[in-house]
Amino acid sequence: MYDLLIIGGGAAGFFTAINTAEKHPNFKIAILEKSKEVLHKVRISGGGRCNLTNATFTPQELVKNYPRGSKELLSPFLRFMCGDTMDWFEAHGVPLKTEADGRVFPISNTSESIVNCFLNEIKKHHIELFAEQNVQAFSPTPEGWQVGTPKQTYITRNVVITTGSNPKIWQLLANLGHTIIPPVPSLFTFHTSTQWTKELSGIAVNASVRLLSKEGKSLKITETAPLLFTHTGFSGPAVLRASAWGARVLAECNYQCLMEVNFTANLTEALSYDETLSVLQEFKQHNGRKAIQSFSLFELPKRLWSALLENAGIAPEQVWAELNKPQLRRLAEALTQYRFPIEGKATFKEEFVTAGGVKLSEINFKTYESKLYPQLYLAGEVLDIDAITGGFNFQNAWTGGYIIAESIQ
């Protein structure tokens, strides 16, 4: 008979187990993992460096990074958030560093520091770890819960589900009466067939992007952030954030849409078409003899500037004085309203995040306990919570695991 059984050997599972053991030294605790390897996502996160949280220190700011779950996470973050996470890892022998963009990594620059910390802690606290235990059933009993795998049946007072985006576990939870919000991908890159973008592969520019339907109707998704041209389309924070906030609407339109880009945001706040046209007219007035191609407005990379000129029908050898009104208007439009057809998506590096999971209204966020069943707790991406990149998905896992550990008796 276990006091606590955790299904899922990932970030949230290990953090729950270790913190529970610290608060209840006499508890008998075990982790069940279906694969041979535990902590797989921790190992590959951040290109193998593990971006474990973000230097965002007010709950009100932190929740803005969660397309789903922002309202529910506000109260939990008041109890355990990024600064607490950093203190926890430092206290457990993992020195950290904060990079310029706010992402937090181990000083060692390797995720193995986190993995080794967790493995050492479960050994220290005598937490049992059972790999290759594919859970096939769990059900409530008068004493708690019964959990079955092909190899073993376990009896436990409390059970914690931290299996991430696992369709089989979602189905078992649905069989118990929980509502599962259908999962769709989040955090992905965009494909386009626009040929000249391939020639710009590797160029990054700050831009304002707006997503539209194929018919040109706004999808109400706008992001201003670095935009990266790739050999197949677009990536970078602007696209990743748009894909997260637009996960459901993009799935509904089968990832076929238009991405309208305003390139004037590279230097300042994005200008409107009319404002940009005025800038072009004024520049023409004062720089009539200069070759248009020789000077990139808004400090755009030269290859991008040349591509925009070509798409506006402006020859490379033209000087500013030769530009007519239609050319100026076309250039202003290309700079502020260039529309790229988006024709698909791809997973961003090794990151795989889904929008979807257990309906949040069925969870008590003071304890992360199911409202349907006592002594059943859920944390991490098994819930309908997801975040943009930057360490925020891990922070959700740490917070949930810590609060469960505080709540279990």
Side-chain angles (χ1 to χ4, degrees), residues 2-20 29-34 38-39 41 63 66-77 79-80 133-141 144-148 154 156-183 186 353-387 392-409:
Y2 287 91
D3 295 291
L4 173 60
L5 198 66
I6 294 164
I7 303 174
F14 270 77
F15 207 69
T16 305
I18 295 163
N19 280 281
T20 304
I29 302 172
I31 300 171
L32 304 182
E33 168 57 38
K34 70 172 183 177
V38 295
L39 299 166
K41 247 187 175 179
V63 296
Y66 296 83
R68 283 145 293 271
S70 58
K71 181 181 73 172
E72 291 80 5
L73 286 172
L74 184 57
S75 177
F77 283 157
R79 294 167 62 187
F80 191 89
Q133 292 285 334
N134 194 0
V135 170
Q136 295 185 322
F138 46 87
S139 56
T141 69
W145 288 84
Q146 178 174 297
V147 178
Y154 300 88
T156 179
R157 287 198 303 113
N158 300 282
V159 66
V160 177
I161 311 294
T162 56
T163 47
S165 307
N166 186 319
K168 186 176 178 182
I169 299 297
W170 277 331
Q171 186 57 56
L172 293 176
L173 288 165
N175 294 345
L176 289 174
H178 269 293
T179 306
I180 307 301
I181 307 301
S186 182
V353 176
T354 56
V358 175
K359 191 175 183 180
L360 301 185
S361 61
E362 297 172 358
I363 303 298
N364 176 1
F365 279 90
K366 291 181 180 178
T367 59
Y368 281 74
E369 189 174 18
S370 163
K371 291 180 180 178
L372 279 61
Y373 293 92
Q375 297 164 284
L376 170 64
Y377 299 84
L378 301 96
E381 289 180 47
V382 70
L383 301 172
D384 183 25
I385 295 176
D386 62 285
F392 302 107
N393 280 299
F394 274 138
Q395 184 56 51
N396 169 46
W398 312 138
T399 296
Y402 187 87
I403 290 176
I404 291 171
E406 277 198 326
S407 306
I408 283 178
Q409 298 300 323

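Remember, predicted model here, so these are calculated numbers, not experimental data.
For Glu369, there are no side-chain hydrogen bond (donor to acceptor under 3.5 Å, both in side chains) partners at least two apart in sequence or on another chain. Partners of Asp386 by salt bridge (charged side-chain N to carboxylate O under 4.0 Å, His left out), not counting sequence neighbours, listed by chain and number: Arg68. By the ring-ring contact (aromatic ring centres under 6.0 Å, His included) test, Trp170 is found to be paired with no residue, residues two or more places apart in sequence or in another chain being considered. For the ring-ring contact (aromatic ring centres under 6.0 Å, His included) test, residues two or more places apart in sequence or in another chain that qualify with Tyr368 are Phe365. Residues passing the side-chain hydrogen bond (donor to acceptor under 3.5 Å, both in side chains) test with Tyr373: none are found, sequence neighbours excluded. The ring-ring contact (aromatic ring centres under 6.0 Å, His included) test applied to Phe138 returns no partner, not counting sequence neighbours. Tyr2 pairs by the side-chain hydrogen bond (donor to acceptor under 3.5 Å, both in side chains) definition with Glu128, not counting sequence neighbours. Residues satisfying the side chain to side chain contact (heavy atoms under 4.5 Å, CB included) test with Thr141, not counting sequence neighbours, are Glu143, Gln146. Judged as a side-chain hydrogen bond (donor to acceptor under 3.5 Å, both in side chains), and not counting sequence neighbours, the contacts of Asn175 are Gln171.
Nearest heavy-atom pair, Gln375 versus Gly144, reported as atom, atom and distance to 0.1 Å: OE1-CA, 4.4 Å. Of all the heavy atoms in Thr354 and Pro183, the pair that sits closest is CB-CB, 4.4 Å. Smallest separation of non-hydrogen atoms from Ala12 and Thr162: CB-CG2, 3.8 Å. Nearest heavy atom pair, residue Ser165 against residue Glu381, reads OG-OE1, 4.0 Å.
At a threshold of 4.5 Å between non-hydrogen side-chain atoms, the residues Leu32 and Val147 count as touching. You'll find the side chain of Ile6 reaches within 4.5 Å of the side chain of Leu4, heavy atoms only. At a threshold of 4.5 Å between non-hydrogen side-chain atoms, the residues Phe14 and Leu39 count as touching. Under the 4.5 Å side-chain criterion, counting only non-hydrogen atoms from C-beta, Ile31 is not in contact with Val38. Between Asn166 and Lys34 the shortest side-chain heavy-atom distance falls below 4.5 Å. Residues Ile180 and Pro167 have side chains not in contact (no heavy-atom distance under 4.5 Å, counting atoms from C-beta outward). With contacts defined as side-chain heavy-atom distances shorter than 4.5 Å, the pair Leu176/Leu172 does not qualify.
Under a cut-off of 6.0 angstrom, the local environment of NZ in Lys366 is sparse, with at most 12 non-hydrogen atoms contributed by other residues, nucleotides or ligands.
Note that CH2 of Trp145 and OG of Ser139 are 7.5 Å apart. Values are rounded to the nearest 0.5 Å. Atom CD1 in Ile7 sits 5.5 Å away from atom CD1 in Ile169 (nearest 0.5 Å). Here the CG-CZ distance, from Leu5 to Arg157, works out to 12.5 Å after rounding to the nearest 0.5 Å. With rounding to the nearest 0.5 Å, the separation of NZ in Lys168 from CG in Leu173 is 13.0 Å. Between the CG atom of Asn364 and the NZ atom of Lys371 there is a distance of 6.5 Å, given to the nearest 0.5 Å. Rounding to the nearest 0.5 Å gives a distance of 6.0 Å between OG1 of Thr156 and CG of Asn158.
Among pairs with a residue in residues 10-20, those fulfilling side-chain hydrogen bond (donor to acceptor under 3.5 Å, both in side chains) read Asn19-Trp88, at least two apart in sequence or across chains.
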Tell me which donor-acceptor pairs under 3.5 Å the side chains of residues 398-406 have, and how far apart each pair is, sequence neighbours excluded?
{"unit_1": "Trp398", "atom_1": "NE1", "unit_2": "Leu52", "atom_2": "O", "d": "2.8"}
{"unit_1": "Thr399", "atom_1": "OG1", "unit_2": "Phe80", "atom_2": "O", "d": "2.8"}
{"unit_1": "Thr399", "atom_1": "OG1", "unit_2": "Gln395", "atom_2": "O", "d": "3.1"}
{"unit_1": "Thr399", "atom_1": "OG1", "unit_2": "Gln395", "atom_2": "NE2", "d": "3.0"}
{"unit_1": "Glu406", "atom_1": "OE1", "unit_2": "Arg79", "atom_2": "NH2", "d": "3.0"}

Output a table of donor-acceptor pairs, distance under 3.5 Å, between side-chain atoms of residues 355-362 and any protein atom two or more places apart or on a different chain; print 'none' if there are none.
{"unit_1": "Glu362", "atom_1": "OE1", "unit_2": "His178", "atom_2": "ND1", "d": "2.8"}
{"unit_1": "Glu362", "atom_1": "OE1", "unit_2": "Thr179", "atom_2": "N", "d": "2.8"}
{"unit_1": "Glu362", "atom_1": "OE2", "unit_2": "Thr179", "atom_2": "N", "d": "3.3"}
{"unit_1": "Glu362", "atom_1": "OE2", "unit_2": "Thr179", "atom_2": "OG1", "d": "2.5"}

Go through the steps for Val160 and Ile408 under the test side chain to side chain contact (heavy atoms under 4.5 Å, CB included), then give the verdict. CA-CA 10 Å; Val160 177; Ile408 283 178; 4.2 Å; yes
